[in-house]
Protein chains: 2
Amino acid sequence: MKRSFYDGIIRDLKDQGFRLTKVRMAIIEELDRAKKPLSAGELIGLLKKRGLGPHKTSVYREIAFMLEQEIINRLSFGERQDRFELAALEHHHHAICKVCGEIEDIACSEGIRQIEEMLGKQKFKVSGHLIEFFGLCTSCQQSS
Amino acid sequence: MKRSFYDGIIRDLKDQGFRLTKVRMAIIEELDRAKKPLSAGELIGLLKKRGLGPHKTSVYREIAFMLEQEIINRLSFGERQDRFELAALEHHHHAICKVCGEIEDIACSEGIRQIEEMLGKQKFKVSGHLIEFFGLCTSCQQSS
DNA sequence: AAATCTAATGCAACTAAGTTGCGATAAGAT
DNA sequence: ATCTTATCGCAACTTAGTTGCATTAGATTT
Ligand SMILES: [Mn+2]
Ligand SMILES: [Mn+2]
Ligand SMILES: [Zn+2]
Ligand SMILES: [Zn+2]
């Protein structure tokens with residue numbers, strides 16, 4: 001069940017006339033391969049391993065590009081750095097281990113209690129949760 | 001229904017033998033008065049308005065102290081800065097306006113859909129949500 | 001295959017949030 | 001009033017991310 005989104009993303013980019021640089025393709029591949037959202041720093045490390053040594057500026061600019069193109073989503077667990085995952089993934093949530101930082105994907109089901117029970121059965125010991133809703137407040141809806 | 005936590009917190013600190021400095025008391029008062037979680041920068045601004053001009057280092061150290069004493073909780077919406085609110089507040093969640101940054105407290109009820117409907121009635125237009133569960137993964141439970 | 005166009009890159013310098021070491025100050029006990 | 005030490009101010013540092021500008025390299029054209 002671990003389908004790859006790589007080919008589709010690359011095709012779309014080519015169709016839209018964007019260049020397929022080594023770094024661009026490698027970043028998509030790493031995000032596709034990764035089982036958890038990656039930080040800019042982690043990406044730089046993975047690219048270095050592959051023999052590519054892009055400057056951090058380029059990686060940040062590539063991330064900005066991919067956010068614009070809605071290829072990736074930015075997320076932030078309360079670390080100092082942002083993390084990124086492919087936008088093609090179905091909407092889901094995360095369970096994060098407070099000790100080792102391991103991140104597990106969680107399907108978005110309706111009830112909070114429900115999800116916590118499910119995690120319990122998987123032996124993940126939930127100690128808290130964080131829920132945020134994003135959108136437009138009343139006054140910001142009017143002025144748009 | 002806007003009860004104050006100030007007196008209780010101050011009493012506890014005194015009982016435990018901590019010093020009641022001007023800045024310490026002012027920070028608690030500002031967090032108590034604020035209707036939304038405050039960042040370190042916002043706190044520094046509020047203190048300046050009151051005639052206190054503490055160095056940012058002192059404010060950060062005070063925040064660290066209050067986290068240790070569990071007087072405040074750290075939270076982070078995907079901004080670059082952290083935010084803090086009184087730990088004495090009942091567990092709840094937040095609705096954040098993507099335009100003006102306004103933050104509204106949301107009671108922690110069971111269903112996600114339920115909360116979104118409630119926000120809709122209050123004219124807050126939800127465009128997305130973020131849910132994270134924190135705890136211990138299987139292997140980190142064993143090694144503790 | 002070479003010339004061309006310009007998106008993407010590298011570098012240096014910068015910003016913003018937060019941290020650390022250390023000597024000075026002030027809260028509160030005696 | 002004096003003393004003790006928790007707290008503070010300052011300078012210097014760190015880490016994540018950003019910006020301006022000159023250079024390089026994908027892709028297209030010749
Ligand atoms: Mn995920
Ligand atoms: Mn709140
Ligand atoms: Zn773990
Ligand atoms: Zn708003």
Side-chain angles (χ1 to χ4, degrees), chain A residues 9-30 37-48 50-69 71-85 101, chain B residues 9-30 37-48 50-69 71-85 101:
Chain A
I9 294 168
I10 294 295
R11 187 173 353 96
D12 289 354
L13 283 173
K14 187 171 242 165
D15 289 353
Q16 294 180 260
F18 295 110
R19 294 184 184 171
L20 299 181
T21 65
K22 291 173 196 178
V23 170
R24 177 163 292 166
M25 294 187 291
I27 288 179
I28 295 170
E29 205 183 313
E30 290 300 341
L38 299 176
S39 67
E42 286 170 344
L43 271 172
I44 290 171
L46 289 165
L47 297 175
K48 202 159 282 170
R50 295 177 155 232
L52 299 173
H55 197 271
K56 66 170 181 170
T57 308
S58 305
V59 173
Y60 281 112
R61 277 198 274 236
E62 192 57 37
I63 286 171
F65 168 81
M66 290 182 182
L67 285 168
E68 260 171 53
Q69 300 305 315
I71 291 168
I72 59 177
N73 289 326
R74 182 196 306 271
L75 18 144
S76 79
F77 316 125
E79 309 165 294
R80 174 90 61 287
Q81 5 142 346
D82 292 337
R83 294 186 169 272
F84 306 91
E85 72 182 356
Chain B
I9 294 169
I10 294 294
R11 187 172 352 98
D12 289 356
L13 283 173
K14 186 170 242 167
D15 289 353
Q16 293 180 263
F18 294 111
R19 294 185 185 169
L20 299 181
T21 65
K22 291 175 196 178
V23 170
R24 177 163 292 165
M25 294 188 291
I27 288 178
I28 295 170
E29 205 182 313
E30 290 300 341
L38 299 176
S39 66
E42 287 171 342
L43 271 172
I44 290 170
L46 290 166
L47 296 175
K48 201 160 285 171
R50 294 175 156 234
L52 300 173
H55 197 272
K56 65 171 181 168
T57 309
S58 305
V59 174
Y60 280 113
R61 278 199 274 237
E62 194 56 39
I63 286 170
F65 168 80
M66 291 182 182
L67 285 167
E68 260 171 54
Q69 301 304 315
I71 291 170
I72 59 178
N73 289 327
R74 183 196 306 272
L75 17 145
S76 80
F77 316 126
E79 310 164 293
R80 173 101 54 273
Q81 7 142 344
D82 292 337
R83 292 185 170 272
F84 306 90
E85 73 182 356

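The basis for the numbers below is simple: all heavy atoms, side chains too, and nothing from hydrogens, waters or symmetry mates. Letters A, B, ... mirror the listed sequences (proteins, then strands); counts begin at 1.
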Provide the start and end nucleotides, 5' to 3', of the part of DNA chain C that has atoms under 4.0 Å from heavy atoms of chain A. dT6(C) to dG18(C)
Side-chain donor-acceptor distances from residues 54-61 of chain B under 3.5 Å, at least two apart:
| from | atom 1 | to | atom 2 | distance (Å) |
| --- | --- | --- | --- | --- |
| His55(B) | ND1 | Thr57(B) | N | 3.1 |
| His55(B) | ND1 | Thr57(B) | OG1 | 2.9 |

Taking only residues two or more places apart in sequence or in another chain, which ones pass side chain to side chain donor-acceptor pair (under 3.5 Å) with Arg74(A)? Asp82(A)
Interatomic distance where CG belongs to Leu13(A) and P belongs to dA27(D) [whole Å]: 11 Å
Grab the CD1-C1' distance between Ile63(A) and dT18(D) for me, whole Å please. 13 Å
Keeping to residues at least two apart or across chains, list the side-chain hydrogen bond (donor to acceptor under 3.5 Å, both in side chains) pairs with something in residues 15-27 of chain B. Arg24(B)-Glu62(B)
Nearest-Å distance, CG (Leu38(A)) to P (dA16(D))? 15 Å
Mind calculating the distance between CG (Asp82(B)) and P (dT15(D)) to the nearest angstrom? 17 Å
Going by heavy atoms in the side chains, are Met66(B) and Ile28(B) under 4.5 Å from each other? yes
Phe84(B) meets the ring pair (Phe, Tyr, Trp, His ring centres under 6.0 Å) criterion, sequence neighbours left out, with none
Sugar-phosphate atoms are those with a prime plus P, OP1 and OP2; base atoms are the rest. Using that split, label each nucleotide of nucleotides 5-11 of chain D B, S or - for protein heavy atoms under 4.0 Å, 5' to 3'. BBSBBBB
Trace of the side chain to side chain contact (heavy atoms under 4.5 Å, CB included) decision for Ile27(A) with Phe65(A): CA-CA 12 Å; Ile27(A) 288 179; Phe65(A) 168 81; over 6 Å; no
Intermediate values then yes/no, side chain to side chain contact (heavy atoms under 4.5 Å, CB included), Glu42(A) and Glu30(A): CA-CA 10 Å; Glu42(A) 286 170 344; Glu30(A) 290 300 341; over 6 Å; no
Within the structure shown, what part of the strands sits under 4.0 Å from Ala64(A) by heavy-atom distance: base, sugar-phosphate, or nothing? nothing
How many angstroms lie between atom CZ of Arg83(A) and atom CD1 of Ile63(A), to the nearest 0.5 angstrom? 11.5 Å
Atom CG of Asp15(A) and atom C1' of dT28(D): how far apart are they, to the nearest Å? 16 Å
Sorted by position of nearest nucleotide on DNA chain C, 5' first, the leading residue of Phe84(B) and Lys14(B) is Phe84(B)
